[in-house]
Trainee: 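I'd like to ask some things about the structure below.
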Protein chains: 2
Amino acid sequence: MEDRADYIRESIDFLHRFLVKSIQKHAEEHGLTVPQLRVIAQVLVNKQITIKHLTQNLRMTQSTVSDIVERLSAKGILLKTPNPKDKRSVIISVSEEVLNLIKDHSNEPVKRAVRDVLSLLTPEEQGTVEQGMRLLMKAVTEKMEKDGMGQMESFDEPFH
Amino acid sequence: MEDRADYIRESIDFLHRFLVKSIQKHAEEHGLTVPQLRVIAQVLVNKQITIKHLTQNLRMTQSTVSDIVERLSAKGILLKTPNPKDKRSVIISVSEEVLNLIKDHSNEPVKRAVRDVLSLLTPEEQGTVEQGMRLLMKAVTEKMEKDGMGQMESFDEPFH
DNA sequence: GTACGATAAATCGCACCCGATATATCTTAT
DNA sequence: ATAAGATATATCGGGTGCGATTTATCGTAC
């Protein structure tokens, strides 16, 4: 049990770093950082989006998003226009010029990386991976409910 | 495949955040941050350690470690003494006073969290989780070799 | 209409994270 | 012994991430 818990803990850490590395290479090709690329991707997907929704979708605090958007705006990558419906709010969009340069989504390299990884396994093995992951996720969710850790409830359950 | 890759990617992200949260609560009880607690734990385990080894063990850059150690030193938690064997180096240790206050290791709360999670599953389910994790790790390692991503080779393979 | 509560985003201060640089020191080659 | 290469750590500058605070604005209750 002890060794198994250690293994799982370290694996999660390792896998996470692997995913971050996958997206980092892509970001650097565009002279951006990973968080910047994630923000841009969200703006691309939504065409127009507010700081608030970026905050929710990206699971960052509003202050972090504000800073990142500000720097991307200064770089001419993102546009900030006042929201006519609410003067407290701003609309974030991608400038037309940049739109043609960045046709990719932030998750694409990560998706490709995970897909490549899975393609190295047999369908049966893939099933085991997925099953194990579901069991672990279920157990974690259960523990969180027991502990009253409701702060991560914003996780979008896949396959909803 | 597409949905499965998405699920696995998001699960890894979620699980990672869960682990971080687990240690965060513990850190806050001591008025510390997670990175600080990790550094302190390494110093506790090794009694005396250099910045260089902290850097390697914690998988941070030397500049990050230097900053953290500096702040912990300013708080009186860590001690920095010149290394008599090498004037470029410093020995990091825990002050005697703090030694009595912090008898815990940084990984304990995380270990406990993962153990608690696993205890919610049957032994058979635990086996599936571990098996899936091993398959995934094997596939990721394989892909990294194909891509020449040797930079993460510092991962200590468990059960060696 | 007015007051109050809630909200959106900018900003601040702190800590962390990184790569690059600088300085002093050690190791190796000649 | 000397010079060159390698190394340990502090520091710098830029970016990220957070919680707290501020200011303006919106929504609701009366």
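Just so it is clear: chains get the letters A, B, ... in the order the sequence lines come, proteins before strands, and each one is counted from 1. This one's a predicted model, so the numbers in the text were calculated from it and none came from an experiment. Any value given below was found using the heavy atoms of this structure, including those in side chains, with hydrogens, waters and symmetry copies removed.
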Trainee: Backbone N or O of B:Val39 within a donor-acceptor pair of the B:Gln42 side chain at under 3.5 Å?
Mentor: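 No; judged by distance alone, with no hydrogens or angles, the pair does not exist.
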Trainee: D:dG17, C:dT11, C:dA15: which one has an atom nearest the side-chain heavy atoms of A:Ser66?
Mentor: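 Nucleotide nearest to A:Ser66's side chain: C:dT11.
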Trainee: With a 3.5 Å cut-off and heavy atoms only, can you find an N or O donor on one side and an acceptor on the other between the side chain of A:Ser63 and the base of D:dG17?
Mentor: no
Trainee: Do the side-chain N or O atoms of B:Lys80 get closer than 4.0 angstrom to the phosphate oxygens (OP1, OP2) of D:dA10?
Mentor: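 Yes, such a contact exists.
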Trainee: Any base atoms under 4.0 Å from B:Ser89, or only sugar-phosphate, or nothing? Heavy atoms, all strands.
Mentor: sugar-phosphate
Trainee: Under 3.5 Å, side chain of A:Thr128 to main-chain N/O of A:Glu124, donor-acceptor pair present?
Mentor: yes
Trainee: Which listed nucleotide (C:dT25, C:dA10, D:dG15) is nearest to the side chain of A:Gln36?
Mentor: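 Comparing C:dT25, C:dA10, D:dG15 against the side chain of A:Gln36, the answer is D:dG15.
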Trainee: Students often get this wrong, so: under 4.0 angstrom with heavy atoms, is A:Thr33 touching a base, only sugar-phosphate, or nothing?
Mentor: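 Contact class for A:Thr33: sugar-phosphate only.
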Trainee: Side chain of B:Asp86 only, heavy atoms from C-beta on: which candidate in D:dA10, C:dC26, C:dA15 is closest?
Mentor: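 The answer is C:dC26.
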Trainee: Which is more 5' along DNA chain C, the nucleotide nearest B:Asp67 or the one nearest B:Lys75? Just name the residue.
Mentor: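 The 5'-side residue here is B:Lys75.
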Trainee: Look at the side chain of B:Lys52 and decide which nucleotide, out of C:dT25, D:dA8, D:dC26, has an atom nearest to it.
Mentor: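 Of the candidates, D:dA8 comes closest.
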Trainee: So, does the side chain of B:Arg88 form a donor-acceptor pair with the base of D:dT9 at under 3.5 Å?
Mentor: no
Trainee: Spell out yes or no: do the side chain of B:Gln62 and the base of D:dA10 have one donor N/O and one acceptor N/O closer than 3.5 Å?
Mentor: yes
